[in-house]
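Since we're looking at a predicted model, the values are computed, not measured.
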Amino acid sequence: MHADEQIMYGIGLPVVQQVPAQAQAWEATAGAAELLQVARAADRLGYDWIACSDHVAVPAAYVPSMGATWYEPATTLAFLAAATERVRLLSHVLVLPYRHPLLAAKAFSTLDALSGGRAIIGAGSGHLKPEFRSLGVEHAVRAALTDEYLQALAVALADERSSFSGQFVRWRDMQVAPRPVQRPRPPIWVGGNSAAVARRAGRHADGWIPWQITPEDFAERAVLARAEHRAGGRGGAFTLVAPMRAGRVDDPAGLRREIVAWRERGATAVHVGFTHHSAADLVSLLERFAAEVIA
C-alpha cells in the first residue's frame, strides 16, 4: 500500500458476541436499540464496515469461557442494513463448514441485494469440536471443507447459473436469486491467524482478516497471502486487515503511529476495538477516533 492510499477502518459491533472476559456489563441487557445507535454512528462517521461474528450453538460446558450470546451474522447485518446507508456489512467471521455453499450464497446474496451492495463475507474454518459434532459436520476435515466451500461459494455468487463438482458438494445448473449487487460478487475475506490460513486467503479469497496477531507475524503472513493471490492470476485488490485496540482513544498520536506501523507491515485496513461503558460511550469513542485519528 502506498503512503498516499487511504486505509480502511472497521469495527466489531457490541452486544452481538458476549465473551465473559471481554464483554462489558451494559451489553448483557442491550439489544436492537443499542445496535442501531452504534451502527448509525459508524455509518454517519465514515467507518468502512461494521461486523458480527458467528457461533450457531455453544456447549453449556463452554459458556463460562465463551458466553452463550452470539447473534446470527446475516440476520443481524440485514437488520442493520435497513438503518444505514453506506457502511459495509461484514461477517467476522462466518464458520463456513456449517453452511452448504448454496445456503451461504443465498443469505449473503440477499443481504447484498437488500443493502445496495454492501456485504463482505468474512469466513473461517471454525474450531469448536462439540459444535461441529452437534451440527453433523466432521471437525477433522474442516480445513479441506473450508477450501472447497470458499471456491463453491464464489461460483454460486458470481455465476447466475452455476455448477460445481467437488469432494464434499456438487450441483449442476442451479440459480441463486436475488442476485448480489456487487459484481462479479461480494468480496470474501478469510479469517484466522496461521500461515496456512493466510495462504488460503490469498488462494481463494479477496482479503485476510486475522485476530490478535503480532505485527511481526502479520507482516510475514501478509507476504504469503499476497504471493498466493498473485500466483492465482486473479485481478483486483487484496485486503489485509490488521487488528488494533484503541481502548479509550487516550493517545491519538500514539494510535496514528501504530497505524503507520501496521501499514508498513502490509495492512490496507484496520479493525478497531474500543473499551466502552455504554452504547452512548462507544459512539463518543467512535467520534473521537474519527476526528482525532482517522482525520
Shortest non-hydrogen pair, G266 vs L240, comes out as O-CD1, 3.3 Å
message: Between F274 and P14, is there a side-chain heavy-atom distance shorter than 4.5 Å?
response: no
One should read off an interatomic distance between W26 CH2 and L282 CG, to the nearest 0.5 angstrom, of 6.0 Å
Is atom CZ of R170 surrounded by more than 12 heavy atoms (other residues, nucleotides or ligands) closer than 6.0 Å? yes
Worksheet item: Side-chain contact, heavy-atom cut-off 4.5 Å: P215 with E264?
Response: no
(Q) Would the distance check show the side chain of Q18 and the main-chain N or O of E27 forming a donor-acceptor pair, the cut-off being under 3.5 Å? (A) yes
Heavy atoms of A269 and T239 approach each other most closely as CB-CG2, 4.1 Å
Quiz item: For A177, does its backbone N or O pair with a side-chain atom of S109 as donor and acceptor, under 3.5 Å?
Solution: no
dist S115:OG -> L77:CG (nearest 0.5 Å) comes out at 9.0 Å
### Message
Taking CD in E160 as the centre, count heavy atoms belonging to other residues, nucleotides or ligands within less than 6.0 Å. Is the count above 12?
### Response
no
Taking every heavy atom of G191 against every heavy atom of V93, the minimum-distance pair comes out as CA-CG1, 3.8 Å
Query raised in the report: Counting heavy atoms not belonging to R172, are there more than 12 under 6.0 Å from its CZ?
Result: no
Q. Short question: side chain of R203, backbone of G232 - any donor-acceptor pair under 3.5 Å?
A. no
#### Entry: Sub-4.5 Å side-chain heavy-atom contact between L285 and R288
no
Checklist entry - Counting distance only, does the side-chain N/O of E34 pair as donor-acceptor with the main-chain N or O of G31 below 3.5 Å? => result yes
CD1 of I50 to CG of L90, rounded to nearest 0.5 Å, is 9.5 Å
Practice prompt. Decide yes or no for D48 and R86: does some side-chain heavy atom of the first lie under 4.5 Å from some side-chain heavy atom of the second?
Written response: yes
Please confirm whether the backbone N or O of N193 pairs with a side-chain atom of R221, one donor and one acceptor, at under 3.5 Å?
yes
Exercise for the section: Answer yes or no: does atom CD of E85 have more than 12 heavy-atom neighbours from other residues, nucleotides or ligands under 6.0 Å? Expected result: no
inquiry  = Walk me through whether E148 and F164 qualify under side-chain contact (heavy atoms from CB on, under 4.5 Å).
reply    = CA-CA 10 Å; E148 184 170 304; F164 187 86; 3.8 Å; yes
Rounded to the nearest 0.5 Å, the OG atom of S125 sits from the OH atom of Y149 at a distance of 13.0 Å
(message) Using side-chain contact (heavy atoms from CB on, under 4.5 Å), reason through T146 and H204 one step at a time and then give a plain yes or no.
(response) CA-CA 10 Å; T146 302; H204 300 306; over 6 Å; no
Same apolar cluster (I L V M F W Y, side chains within < 4.5 Å links), L224/W262: no
Rounded to the nearest 0.5 angstrom, the CZ-CZ distance for F289 and R256 is 10.0 Å
request  = Determine whether L36 and L80 make a side-chain contact, defined as any pair of heavy atoms from C-beta on separated by less than 4.5 Å.
outcome  = yes
Nearest heavy-atom approach of R234 to A205 is NH1-O, 2.8 Å
CH2 (W49) and CD1 (I11) are apart, to the nearest 0.5 Å, by 10.5 Å
Open item on the list: Can you see whether W211 engages H92 through a side-chain donor-acceptor pair at a distance of less than 3.5 angstrom?
Closed with: no
Quick one: does any side-chain atom of W208 pair with a main-chain N or O of G192 as donor and acceptor, under 3.5 Å? yes
| query | If only atom types and distance count, is the side chain of D112 paired as donor or acceptor with the main-chain N or O of Q182 below 3.5 Å? | reply | yes
Consider only side-chain heavy atoms of I, L, V, M, F, W and Y, link residues closer than 4.5 Å, and tell whether F79 and L114 are in one cluster. no
Q | In one Ile/Leu/Val/Met/Phe/Trp/Tyr side-chain cluster, 4.5 Å: L135, V141 | A | yes
query: Does any non-hydrogen side-chain atom of M244 lie less than 4.5 Å from one of L255?
result: yes
Taking it one step at a time, do E287 and R44 satisfy salt bridge (Lys or Arg N to Asp or Glu O under 4.0 Å)?
CA-CA 10 Å; E287 291 171 342; R44 169 176 57 84; 3.1 Å; yes
*If two hydrophobic side chains count as joined below 4.5 Å and joins carry through other members, does L102 share a cluster with V56?*
yes
- Going through the checks in order, is the side-chain contact (heavy atoms from CB on, under 4.5 Å) test met by L94 and F108? CA-CA 11 Å; L94 189 77; F108 284 88; 3.8 Å; yes
_Exam field: side chain D206 to backbone I188, donor-acceptor pair closer than 3.5 Å_ = yes
- request: Flag yes if V223 and F218 sit in one hydrophobic cluster, no otherwise; membership is Ile, Leu, Val, Met, Phe, Trp, Tyr, and two members link when side-chain heavy atoms are under 4.5 Å apart.
  value: no
Salt bridge (Lys or Arg N to Asp or Glu O under 4.0 Å) pairs touching residues 118-147, sequence neighbours excluded, are D147-R200
Notebook entry, point to check: Can any side-chain N or O of R185 pair as donor or acceptor with the backbone N or O of A156 at less than 3.5 Å?
Noted result: no
Is a side-chain N or O of R179 found less than 3.5 angstrom from the main chain of L157, in a donor-acceptor match? yes
Would Y47 and I294 count as a side-chain contact (heavy atoms from CB on, under 4.5 Å) here? Give the steps. CA-CA 9 Å; Y47 287 85; I294 297 177; 4.0 Å; yes
Nearest heavy-atom contact between A81 and L111 is CB-CD1, 4.5 Å
Residues passing the side chain to side chain contact (heavy atoms under 4.5 Å, CB included) test with S278, sequence neighbours excluded, are A280, D281
Using a 4.5 Å side-chain heavy-atom cut-off and chaining through intermediate ILVMFWY residues, the residues clustered with V63 come out as V19, V58, Y62, M66, W70, L128
Here the pair of heavy atoms bringing D54 nearest to P73 is OD1-CD, 3.7 Å
